[in-house]
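In what follows, a single structure is set out as structure tokens and then discussed.
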Amino acid sequence: MKKSLQTSRWAIALAAALAVQCAQAATPAAPLDAAQQRAAKLVSQMTIDEKISMVFGYFGTEFQGKQPPKGALPQSAGYLNGIERLGVTPQWLTDAGIGVASQPGKNTRERTSLPSGIATAATWNPRLAFEGAAMIGKEARLSGFNVMLGGSVNLAREPRNGRNFEYTGEDPLLAGIMAGEQIRGVQSNHVISTLKHYAYNDQETGRNHVNVKIKDPAGRMSDLLAFQIAIERGNPGSVMCSYNRVNGPYGCEHDHLLNKVLKGDWGFKGYVMSDWGATHSTIPAALAGLDQQSGYPFDKSPYFDGALKEAVQNGHVPESRLDDMVKRILWAMAAHGVLDNPVKVQDSQIDYTAHGRISQADAEEAIVLLKNQGNVLPLSPSLKRIAVIGGHANKGVLSGGGSAQVYPRGGMAVPNEGPESWPGPMVYLPGSPMKALAARNKARFSWHDGKDTAAAAKVAADADVVLVFATQWTSEAADVRTLSLPNKQDELIAAVAKANPRTVVVLQTGTPVTMPWVNEVAGVVEAWYPGTNGAEAIARVLTGEVDASGRLPQTFPLSENQLPRPTIDGIDLPKDTRFDVDYDIDGAAVGYKWFDLKGHKPLFAFGHGLSYTSFTYTNLKAQAVDGSIRVTFDTANSGARAGKAVPQVYVSKVGSGWEAPKRLGGWDKLALNAGERRGSTVTVDPRTLAVFDGATNRWKIAAGEYKVILASAADAPAQTVTVRLAAREFAAGAR
Ligand code: BGC
């Protein structure tokens, strides 16, 4: 019974794959680009064993007593042998989106860390996303790697997801653009970037077993749209398929997601690699569009080694499909300069000082000023006594855990307080925010570690201003059960605020947290995980050396009860249990869209963030142009100091038919001196005006009236105009 089920499963997949090939044969094939021609020529010279060596990847680190191949770099994520006689380099793979990561162990490499992905998204500044990624891509190349396992664009549909810190927020347009720029940045170094985790890997709980249920059109307008935009903007060499199942099949043997959507509708030319341990078969996976098995021995079996060779020789997998896998890998290597620019370890050439500054620039624009009552910030130069409490602010800044972990130069600033083994340790990067503040403000600083609430409150009572550093460590492989700050920090903050209302809470979190004390404190600052030089960045924002110009890329809920799933599905199930998670509850209404739809008032809205100056938004005009909307407006700095504004353009269909009342259609980020006014032009992404029609597999913009809302946050409209659009439709991969 089991065997016949298995056989029919791949027979169906084979039929589907052949159907795709026939459909492709019916439409004239696009001419091969130069990299594709080069890839085809190389494949034509390969033996079947050589082809197999290109599609079967090893973990780069010892695992359960098994040693990696000799060529692998120490503590690395992956390795594939090269083919010397044809000039094909080995593939050296490293995590990931925040910098050159290491698996834990003795030989971790110490590199520059960017702020977390969510922090970079909070800059709303695509240039910073590019520059940061170009910097870590350079460190990857100088460390001997030619494939990087980031950008990462899973939507923050589940705010308790332990990996939200790696991603770029809850909105598909913002997330896709920022991740796309990260991909471009990495690849500007002739290093392949890998967009992950495709798709719907939006929670870590049960990630290997969970079956995500979602209707395809809802996905095309949410999670998949983020991937689509990141791919068209970044052109990644590779996409990593995810652990979870989607409407039945695993992400890495998903004909619809891989063959049809990614390679078919979106015309992705690169290759699909599996996540580590996410390959579950040979024939179904090969026919469904997986091009490279990764990280063996994480998987139960070396599916793409001897078993794939046998399947090809038996005709169960056409040799043309194996050729296609290898051509895709070689296309990426040729198109992104990996073949022509061989890597070698040259880490002594890394300019850590310059790279720290690039990371710092990102962190400074990422910090979000959430609340600033009575202008408690920036810290006045005339303060006499400042108390600093908690969060190891006398030593370092927090980072997120798991495969993305970048180990800091100078070692961990605080002994591990997290898990002993992976996804631990909990790493604080050296650099004390308190010292960085003390270097800038003449007040007397007093320190308390915050472990004894009453004693901390006593220290607070004596100060002019209190800064409580609150932390939430999140990591791969685990979600947070609630959005509350851990380790009784809510109690600490409440006690400190009671002792001294001039309290500012500085958060270092991977994802939103709830704030039962928000009305008792004067200020709240979200610094995320701020990366190398994070301490300097925090100090510069708190003292006002730079404006606070981050804006939330994720809604901060008032409580878990406002979420589509008040409890995370699967969180109480025994390990390895299979279960469903129903994403049709929210469908495409992710994040602020859900809050709008339900009329929930969040704690802090998507797009929110204060500045030390003030801005006015005027002259909003909108025009239908080329099937979309061109929006123009003016932003003026109406305050007394320089600052950065993030005017946001939301669109709304009058009469609707949409998943939610409004969608982000575009934005601008502007640096303005006091009194300065500047005009912006924003062209709305047409997909944010359309509904994806599953029946015809096309985007459809309905004729009618559309509201264009200029706003400083999802809940803070400044001006609205209406524009009429004609009906328009376009292909799934077009815009
Ligand atoms: C993660 C991937 C990562 C891979 C290699 C997996 O556990 O999900 O994001 O790239 O490991 O380290």
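In each ligand, atom 1 is the first atom listed, and ligand 1 is the first ligand listed. Note that the structure is a prediction, hence the values are computed from the model and not measured.
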With V210 as reference, evaluate T205, D202, N244 under the side-chain contact (heavy atoms from CB on, under 4.5 Å) test and give the passing residue.
N244
Look up atom CG in L339 and atom NE2 in H336, then write down how far apart they are to the nearest 0.5 Å.
11.5 Å
List the atom of K196, the atom of D95, and the distance in Å for their closest heavy-atom pair.
NZ-OD1, 3.5 Å
Shortest non-hydrogen pair, W331 vs A39, comes out as N-CB, 3.7 Å
Just going by heavy-atom distances, which of D95, L93, T61, D275 is nearest to atom 6 (C) of ligand 1?
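The residue whose heavy atom sits nearest atom 6 (C) of ligand 1 is D275.
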Using a 3.5 Å distance criterion without hydrogens, assess whether the side chain of T509 forms a donor-acceptor pair with backbone atoms of Q472.
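Side chain of T509 to backbone of Q472, a donor-acceptor pair under 3.5 Å: no, none is there.
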Measure up the F298 and F59 rings against each other and bin them: parallel (under 30°), tilted (30 to 60°), perpendicular (over 60°).
perpendicular
Taking only heavy atoms of [X], which atoms of ligand 1 are found under 4.0 Å from at least one of them?
X: M240; answer: 10 (O)
X: Y243; answer: 6 (C), 7 (O), 8 (O)
X: R207; answer: 7 (O), 8 (O)
X: K196; answer: 2 (C), 3 (C), 9 (O), 10 (O)
X: L149; answer: 10 (O)

Given that the side chain starts at C-beta and the backbone is N, CA, C, O, which of these parts of Q405 lies under 4.0 Å from ligand 1, counting heavy atoms, or is it both or neither?
neither
For ligand 1, is any non-hydrogen atom under 4.0 Å from R163's backbone (N, CA, C, O), its side chain (CB onward), both, or neither?
side chain
Looking at atom 9 (O) of ligand 1, what's its closest protein heavy atom, distance included?
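That would be H197 NE2, 2.7 Å.
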Shortest protein heavy-atom distance from atom 7 (O) of ligand 1, along with the residue and atom involved:
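The protein heavy atom lying closest is E476 OE2, 2.6 Å.
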Quick test of your reading of the model: are K213 and D582 salt-bridged, counting only N-O distances below 4.0 Å?
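Salt bridge flag = no for D582 with K213.
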Can you find a heavy atom in the side chain of L195 that is under 4.5 Å from one in the side chain of I183?
yes
Say whether W276, considering both its backbone and side-chain N or O atoms, lies within less than 3.5 Å of an N or O atom on ligand 1.
no
